[in-house]
2 protein chains.
Amino acid sequence: MAAFADDNARRIPAAAILNIMTDAFRACGLPDADAKIVAGAMLDADLSGADAHGIFRLAGYVKQLKAGNFNPRAEIKVLERSPATALVDGDNGMGHLVMTHAANLAVELARASGVGWVGVRRSNHSGAGSTYAAIPLEQGMVGIYSAVSSSNFMAPWGGAEPLLGTNPIAVAIPAGKEAPVVLDIATSVASNGLIRTYASQGRPLPEGWVISREDGRPITDGKRLDEGMFVPVGEYKGSGLAIVLGLLGGPLNRAAFGRDVKDTTAPQERESNTGHLMIALDPTKFLPLDMFKSEMDRHIHDLASSKKLPGVDEIRIPGQGREARRADRQKNGVPLAPGLIKQVDDLAKTLNITPLSARS
Amino acid sequence: MAAFADDNARRIPAAAILNIMTDAFRACGLPDADAKIVAGAMLDADLSGADAHGIFRLAGYVKQLKAGNFNPRAEIKVLERSPATALVDGDNGMGHLVMTHAANLAVELARASGVGWVGVRRSNHSGAGSTYAAIPLEQGMVGIYSAVSSSNFMAPWGGAEPLLGTNPIAVAIPAGKEAPVVLDIATSVASNGLIRTYASQGRPLPEGWVISREDGRPITDGKRLDEGMFVPVGEYKGSGLAIVLGLLGGPLNRAAFGRDVKDTTAPQERESNTGHLMIALDPTKFLPLDMFKSEMDRHIHDLASSKKLPGVDEIRIPGQGREARRADRQKNGVPLAPGLIKQVDDLAKTLNITPLSARS
């Protein structure tokens, strides 16, 4: 598995990344408009710094499409609808497409009813949750995203069987002059992407990330990941969050959870039936948007400028680094490791599209 | 500060606890119906095992009422309303009253629109979040509660100033034959109640609960709490959750957050303007309730009966212990420490009501 960026990373223009991903998905049979949406959602991750969810994933997604595990010509349907809720069937399409649809629908419901809660079934891995939580921001709305991960890596607290995903939650709240607050966290101590990156680079895993299924002892050797389970953040608290998010993203939407989540290491014989949930909330139903934004600015400024502990450079406010990173990468390109560029170029050859190196 | 239960705890009948609390609030000027609602919400905490939010708090609340910090005859108003949202003004009444109102309103909105999101301002400390998250359960609905704590004990990650509450989140999801899933967690490693209990009992605080504001080093001496800050669960993740929950419970509702939260150790010259949020979701807008409940049962059973790590008695599924505790305490009484019983009896004397000892 290639790493996304390392010391030898090259800066690749955002447009080149967007274009090769669009071409790749087109080559896999996605309609033009859909290929653009998926590539755009992945580029959003690359720009924001959610590197594990950007072009890094392209080869994996193409493999799934070629294997027939994702439906390239998905027809997304709304199965159920009430004034403020909807249930979306993703027709086993790419998660990025399904979740972009769901986020826009949540905004539409929220505009009419104040809040919109959209459940999603028959979707797939959709990349970074912040991409979708941030969609309502453009309309001055709050966005909340969660999902049942398409693989189980955590056990319920006390357990020895990985029956839970690292089910993430992402929350985006608009601000005025300050960057919006955008939180995007897995319910494990370390995300799957981070753990796999350490393992692929042969770096020892910090204690507290992965424990043995046999005896609960720490596993620090990345080669032994198969014997391990990821540790939930805050022990029973992260496990509890993964359970409630999973139940609301899964069974409520007739999507997979627990024992229904298939083992991704086994041959994939059927669709993942990945479940998600997406909420949009219209702040103007509570107070004028200008007032909300200026209050957000005041509080963000108060937190960011408050006294730091010795040795701390910056107080961590979710989403504030994200904004600066986007501006930098939009202007100077996205740093990609040579190994990743080569992987994408090799993939381009098999798909008969222009390689990344020739685009930048 | 009295501990709620210890080795010498006596079992006091639930009815006696409910009645003395009702009488106490009546004696402080609450109308009969309101006194009953507040006492009922507090008893719910005592029964569920959220002991830090039950009769343990009675003396503190009475003190606030007597000092004029809570409005005993609050007229709760709905300031804003849309098909699926509402903003409630608690008129500085007791949080239990305001949140019971808000939870019922959320259910009403969800019945019509699928989901209801109720923001709350000008409320006060409302006890255990699970009490309100569980209200929609009775209607077969999902409940989600959060709040901006009325005191700041945590810093944003990297910071040295406590500008964040231990803003909790509670989620309740109905099941069929199994107990409902009820999660109720603070965004700090240890809750305020737990930390104060250790401190009051002179027990050393486990490392990782409280750190020094000066240098970030662990504080384990409960007498030094004033020099410390609580540690967020999962470091920047808990801090991030406390920030987003706080912003959605506070500024969105024109309620206190950050620097606006007054120091509870200072003389209270004005109301707390505590903010909360309450969401109810109607599963029948997604699938038939029977199907949802039986799927919940299947998944709860799968998790609870899965393989345990060596030395583990029981896999921790949120809310499953709660149900058994309620049944036991309803039948056999709530265990209360002699010191707490004495504190309540002394209070009863000052209020001219029958003491607890004489009721059981």
Side-chain angles (χ1 to χ4, degrees), chain A residues 80 82-85 87 112-115 117 119 142 155-161 163 171 173 181 183 185 189 215-216 233-234 236-241 243-244 247-248 251-254 257-259 281 283 285-287 292 295-296 299 302-303 306-310 312 314-318, chain B residues 80 82-85 87 112-115 117 119 142 155-161 163 171 173 181 183 185 189 215-216 233-234 236-241 243-244 247-248 251-254 257-259 281 283 285-287 292 295-296 299 302-303 306-310 312 314-318:
Chain A
E80 307 285 345
S82 83
T85 63
L87 175 61
S113 299
V115 59
W117 179 308
V142 172
W157 189 243
E161 279 185 83
L163 290 174
V171 180
I173 312 177
V181 169
L183 176 77
I185 55 174
V189 172
D215 55 20
V233 65
Y236 71 92
K237 294 192 177 187
S239 163
L241 279 173
I243 290 172
V244 297
L247 291 168
L248 295 177
L252 182 69
N253 305 324
R254 289 185 286 128
F257 173 85
R259 293 217 184 275
L281 179 75
K285 300 296 196 286
F286 296 79
L287 78 176
F292 182 54
E295 282 294 275
M296 284 291 296
H299 288 301
D302 279 354
L303 295 177
S306 66
K307 197 183 160 197
K308 300 175 190 69
L309 281 174
V312 170
E314 201 176 19
I315 289 180
R316 189 151 174 176
I317 314 293
Chain B
E80 306 285 346
S82 83
T85 63
L87 175 61
S113 298
V115 58
W117 179 308
V142 172
W157 189 243
E161 281 184 83
L163 290 175
V171 180
I173 312 177
V181 169
L183 176 76
I185 55 173
V189 172
D215 55 19
V233 65
Y236 71 91
K237 294 192 177 187
S239 163
L241 278 173
I243 290 171
V244 298
L247 291 169
L248 295 177
L252 181 70
N253 306 324
R254 289 185 287 127
F257 173 85
R259 294 216 184 272
L281 179 75
K285 300 296 195 286
F286 296 79
L287 77 177
F292 182 54
E295 282 294 275
M296 284 290 297
H299 288 301
D302 279 355
L303 295 177
S306 66
K307 196 183 161 198
K308 300 176 192 68
L309 282 174
V312 170
E314 201 177 18
I315 288 179
R316 189 150 173 176
I317 314 293

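These numbers were taken from a predicted model, which means no experiment stands behind them.
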* Asked: Is it the backbone or the side chain of A:Leu241 that comes under 4.5 Å from a heavy atom of chain B, or both, or neither?
  -> both
* Asked: So which of B:Gly234, B:Ser306, B:Gly114, B:Ala112 has the biggest tally of heavy-atom pairs under 4.5 Å with chain A?
  -> B:Ser306
* Rounded to the nearest 0.5 Å, how far does NZ of B:Lys307 lie from CG of A:Leu163? -> 12.0 Å
* Asked: Which one of A:Glu314, A:Arg259, A:Glu295 has the most heavy-atom pairs closer than 4.5 Å to chain B?
  -> A:Arg259
* Check against side-chain contact (heavy atoms from CB on, under 4.5 Å), B:Leu248 and A:Val171 -> CA-CA 10 Å; B:Leu248 295 177; A:Val171 180; 4.3 Å; yes
* Can you tell me how far the CG atom of B:Asp302 sits from the CZ atom of A:Phe257, to the nearest 0.5 Å? -> 9.0 Å
* Toward chain B, the part of A:Asn253 with a non-hydrogen atom under 4.5 Å -> side chain
* Examine whether an atom of A:Val142 lies under 4.5 Å from a heavy atom of chain B, and if so say whether it belongs to the side chain, the backbone or both; otherwise answer neither. => side chain
* Winner by heavy-atom pair count (cut-off under 4.5 Å) against chain A, out of B:Lys237, B:Arg254, B:Lys308, B:Glu161 -> B:Lys237
* Asked: Taking all atoms of both residues into account, what is the closest heavy-atom pair of A:Leu287 and B:Pro251, and its distance?
  -> CD1-O, 3.7 Å
* Considering non-hydrogen atoms only, spot the tightest contact between B:Leu247 and A:His299 and give its length. => CD2-CB, 4.2 Å
* To do: Just give me the residue among B:Asp215, B:Leu303, B:Val181, B:Leu87 that pairs up with chain A most often, heavy atom to heavy atom, under 4.5 Å.
  => B:Leu303
* Identify which part of A:Leu252 has an atom lying under 4.5 Å from any heavy atom of chain B, answering side chain, backbone, both or neither. => both
* Which bit of A:Leu309 is near chain B, if near means a heavy-atom gap under 4.5 Å: side chain, backbone, both or neither? -> both
* Measure B:Ile173 against the heavy atoms of chain A and call it side chain, backbone, both or neither at under 4.5 Å. => side chain
* Can you say whether A:Ala155 sits under 4.5 Å from chain B via the side chain, the backbone, both, or neither, judging by heavy atoms? -> neither
* State, to 0.1 Å, how close A:Ser113 and B:Ser82 come at their nearest heavy-atom pair, and which atoms those are. => O-OG, 3.0 Å
* Is there a side-chain contact between B:Trp157 and B:Ile243 (heavy atoms, below 4.5 Å)? -> no
* Structure fact -> d(B:Thr85 OG1, A:Leu281 CG) to nearest 0.5 Å is 7.0 Å
* **Least distance between heavy atoms, A:Lys285 atom then B:Glu80 atom** => O-CB, 3.4 Å
* To do: Examine whether an atom of A:Phe286 lies under 4.5 Å from a heavy atom of chain B, and if so say whether it belongs to the side chain, the backbone or both; otherwise answer neither.
  => both
* Please report the closest heavy-atom contact between B:Pro156 and B:Ser239, naming both atoms and the distance. => CA-OG, 3.5 Å
* Structure fact -> Most contact-rich option vs chain A, by heavy-atom pairs under 4.5 angstrom, among B:Pro318, B:Gly258, B:Gly159, is B:Gly159
* To do: Can you tell which part of A:Val244 gets under 4.5 Å to a heavy atom of chain B, answering side chain, backbone, both or neither?
  => both
* **Heavy-atom pairs under 4.5 Å with chain B, option from A:Ile317, A:Val312, A:Val189 with the top count** => A:Val312
